[in-house]
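All remarks here apply to the structure that follows.
All values below come from the heavy atoms of this structure, side chains included, with hydrogens, waters and symmetry mates left out. Heads up: numbering here begins at 1 and tracks the sequence. Atoms within each ligand, like the ligands themselves, are counted from 1 in listed order.
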Amino acid sequence: MTHILNFINGAFSEGAEGKSFEKRSPLNNTVIATVAEAAKADVDAAVSSARAAMKGKWGKLTLADRVELLNAVAAEMERRADDFIAAEIADTGMPAGVAKHMCARGAANFRVFADVVKNVPTEFFEMSTPDGRGALNYAIRRPVGVVGVICPWNAPLLLMTWKVGPALACGNAVVVKPSEETPQTAALLGEVMNAVGIPAGVYNVVHGFGPGSTGEFLTTHPGVSAVTFTGETRTGAAIMKAAADGARPVSLEMGGKNPGVIFADADLDAAIEGTLRSCFMNTGQVCLGTERLFVERPFFNKFVAALKTAAEGMRVGPPHEPGVAMGPLISQEHRQKVLSYYAKAVEEGATVVTGGGVPGMPGEYANGAWVQPTIWIGLGDDAAICREEIFGPCCHIAPFDTEDEVIERANSTNYGLSAAVWTRDLARAHRMAAAVEAGVVWVNSWFLRDLRTPFGGAKHSGIGREGGVHSLEFYTELKNVCIKL
Ligand SMILES: NC(=O)C1=CN([C@@H]2O[C@H](COP(=O)(O)OP(=O)(O)OC[C@H]3O[C@@H](n4cnc5c(N)ncnc54)[C@H](O)[C@@H]3O)[C@@H](O)[C@H]2O)C=CC1
Ligand SMILES: O=C(O)/C=C/C=C(\O)C(=O)O
């Protein structure tokens, strides 16, 4: 059986207290790996080694050398793509095509931020002084120090490297705590770091849980200069409290209850294709996914019928079977949560358009965390399934009559991560994009990502923006130098 180790100061290690936990396969609930759980002493060692790396060779590298190393990380990840894909699939059960995309994105996260730090200018101001000789102001960026990186399980490699890439590009060292559900790719990245010569201590991985465990040890550690987190809003709030001790900055990418708005003039085929992905990709375990759909009334019946047909055409199954579009949920525990919402929808009076239960799976997959892709209609916006993040393959579709009404309804949530608007009317698309309270709005598309753009959530969906130069705002200290001439 695979045994996953911590990665501290360039070496793989057991936890100092000798503890480990089990990782189960979402496909059949069998134990596929044991994971060394980091104790407080391991987190201390990881943070110390990261601090030492900042003071040592890593901290002294030229920008050009750092950029070269990051590009080497990306190249080595690509060379070992099959290993990353296999590890990601083992942990999550996601279809092979989705895992391939996630792993390619993992490598891209290093390349893109290597380019950003190489090319981004800083500001410069000449100023006059009473003696007439003047002064020059220019800004320089310096790393913030040791960054604690706390990651979720839904897109493990993609979301972890989305933070580690810019953190290292800016010259920081990191201590990563992957989700307890998905420990494998973070550990594998340690092998890549060693293979390309990233100095020991720059990249560390500590495995474990949240409160009272590795996550808490890391976020409360006084040697950690900043904490970047992706996960649930409630967890983000706890991390913010932990980081307040020491007044350390946080970047929080959190939950969502994202609206999809489809006007009657939309291209039906494009809207169905995009909405199908936004509701069901990665079994609905995508923070940017849409769980609330609003369709203009004249288009409503046609849209519901078309999305039902498309959803019923999706094959649910194991990762490597041809034509499989949807895998299992991450765990039995998460499946129970999703199924409790399936039950609640019915209790609250929803009409189940399709799904609503568990698909029968053959033989070895019978105990996997499977659920059916599910569509509901008929509930008001105040129903639990229309307000709370489910993080499963499901959506509620409601009709609307006017633009003002749908803006109001789309915004009637504490979340504000993303939205998708489907219309051929560009002026309306622009009005909608401006009015919807979200960090990211897609028009006639979904999850089209340019990594140079700002990414993050409004309201309870996040604090701060990452992506392109925006990541530099978090991962560097911007310092003004004023030279009197
Ligand atoms: N806004 C965004 O960009 C994204 C947000 N998400 C959100 O992530 C959630 C799903 O991921 P989960 O792993 O279930 O989230 P989670 O919040 O349960 O866990 C995330 C990580 O935080 C750790 N953790 C939990 N409690 C902690 C504590 N008190 N101190 C330190 N660490 C702690 C966990 O061990 C895990 O590594 C969904 O709400 C989803 O919307 C997921 C992807 C992207
Ligand atoms: O593209 C990103 O940086 C963020 C993507 C988010 C997900 O992949 C997700 O939540 O699944």
Return the option from Ile150, Leu417, Asn154 holding the heavy atom at the smallest distance from atom 43 (C) of ligand 1. Asn154
Pick whichever of Lys241, Glu253, Gln285 has a heavy atom sitting closest to atom 3 (O) of ligand 1. Glu253
Mind listing the closest non-hydrogen atom pair of [X] and [Y] along with its distance?
{"X": "Ala243", "Y": "Val250", "result": "CB-CG1, 3.4 Å"}
{"X": "Cys395", "Y": "Thr290", "result": "CB-O, 4.0 Å"}
{"X": "Met102", "Y": "Met94", "result": "CG-SD, 4.0 Å"}
{"X": "Met160", "Y": "Cys151", "result": "CG-SG, 3.6 Å"}

Nearest non-hydrogen protein atom, [atom]:
{"atom": "atom 15 (O) of ligand 1", "value": "Glu232 N, 3.4 Å"}
{"atom": "atom 10 (C) of ligand 1", "value": "Phe391 CE2, 3.6 Å"}
{"atom": "atom 5 (C) of ligand 2", "value": "Phe447 CZ, 3.6 Å"}
{"atom": "atom 21 (C) of ligand 1", "value": "Cys151 O, 3.3 Å"}
{"atom": "atom 11 (O) of ligand 1", "value": "Pro152 CB, 3.3 Å"}
{"atom": "atom 2 (C) of ligand 1", "value": "Cys287 SG, 3.3 Å"}

Could I get the full list of ring-ring contact (aromatic ring centres under 6.0 Å, His included) partners for Phe474, not counting sequence neighbours?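 Once residues adjacent in sequence are excluded, Phe474 has no partner under the ring-ring contact (aromatic ring centres under 6.0 Å, His included) criterion.
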Heavy atom of [X], distance to ligand 1 below 4.0 Å:
{"X": "Pro211", "value": "yes"}
{"X": "Gly462", "value": "no"}
{"X": "Ala242", "value": "no"}

With heavy atoms only and a cut-off of under 4.0 Å, state how [X] meets ligand 2: side chain, backbone, both or neither.
{"X": "Val286", "answer": "both"}
{"X": "Met102", "answer": "neither"}
{"X": "Leu158", "answer": "side chain"}
{"X": "Asn282", "answer": "neither"}

If you measure from each non-hydrogen atom of [X] to ligand 1, which part falls under 4.0 Å: side chain, backbone, both or neither?
{"X": "Ile239", "value": "side chain"}
{"X": "Ala155", "value": "neither"}
{"X": "Glu216", "value": "backbone"}
{"X": "Met254", "value": "backbone"}
{"X": "Arg234", "value": "neither"}
{"X": "Leu159", "value": "side chain"}

What about the rings of Trp153 and Phe391, do their centers lie closer together than 6.0 Å?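 Aromatic pair counts; centres sit under 6.0 Å.
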Between Phe113 and Trp162 (judged by ring centroids, cut-off 6.0 Å), do the two rings come close enough to count as a pair? yes
To the closest 0.5 Å, what do you measure between CD (Glu253) and CD1 (Ile150)? 13.5 Å
Could you tell me if the side chain of Cys287 sits less than 4.5 Å from the side chain of Leu417, heavy atoms only?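 Result yes, sub-4.5 Å side-chain heavy-atom pair found.
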Looking at side-chain heavy atoms only, is the closest gap between Gln184 and Ile32 below 4.5 Å? yes
Could you tell me, atom by atom, which parts of ligand 2 come under 4.0 Å of a heavy atom of [X]?
{"X": "Leu159", "answer": "4 (C), 5 (C), 6 (C)"}
{"X": "Asn154", "answer": "9 (C), 10 (O), 11 (O)"}
{"X": "Phe455", "answer": "4 (C)"}
{"X": "Cys287", "answer": "6 (C), 9 (C), 10 (O)"}

On the 0 to 90° scale, with breaks at 30° and 60°, tag the [X]-[Y] ring pair as parallel, tilted or perpendicular.
{"X": "Phe447", "Y": "Trp442", "value": "tilted"}
{"X": "Phe21", "Y": "Phe209", "value": "tilted"}
{"X": "Tyr203", "Y": "Phe7", "value": "tilted"}

Does the pair Arg465/Glu473 count as a salt bridge with the N-to-O cut at 4.0 Å?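 Salt bridge flag = no for Glu473 with Arg465.
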Report yes or no: does a heavy atom of Asn109 sit under 4.0 Å from some atom of ligand 2? no
Has Arg105 got any heavy atom lying under 4.0 angstrom from an atom of ligand 2?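 True for this residue.
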Would Arg292 count as a cation-pi partner of Trp376, with NZ or CZ less than 6.0 Å from the six-membered ring centre and within 45° of the ring normal?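 Arg292 over Trp376 ring: no.
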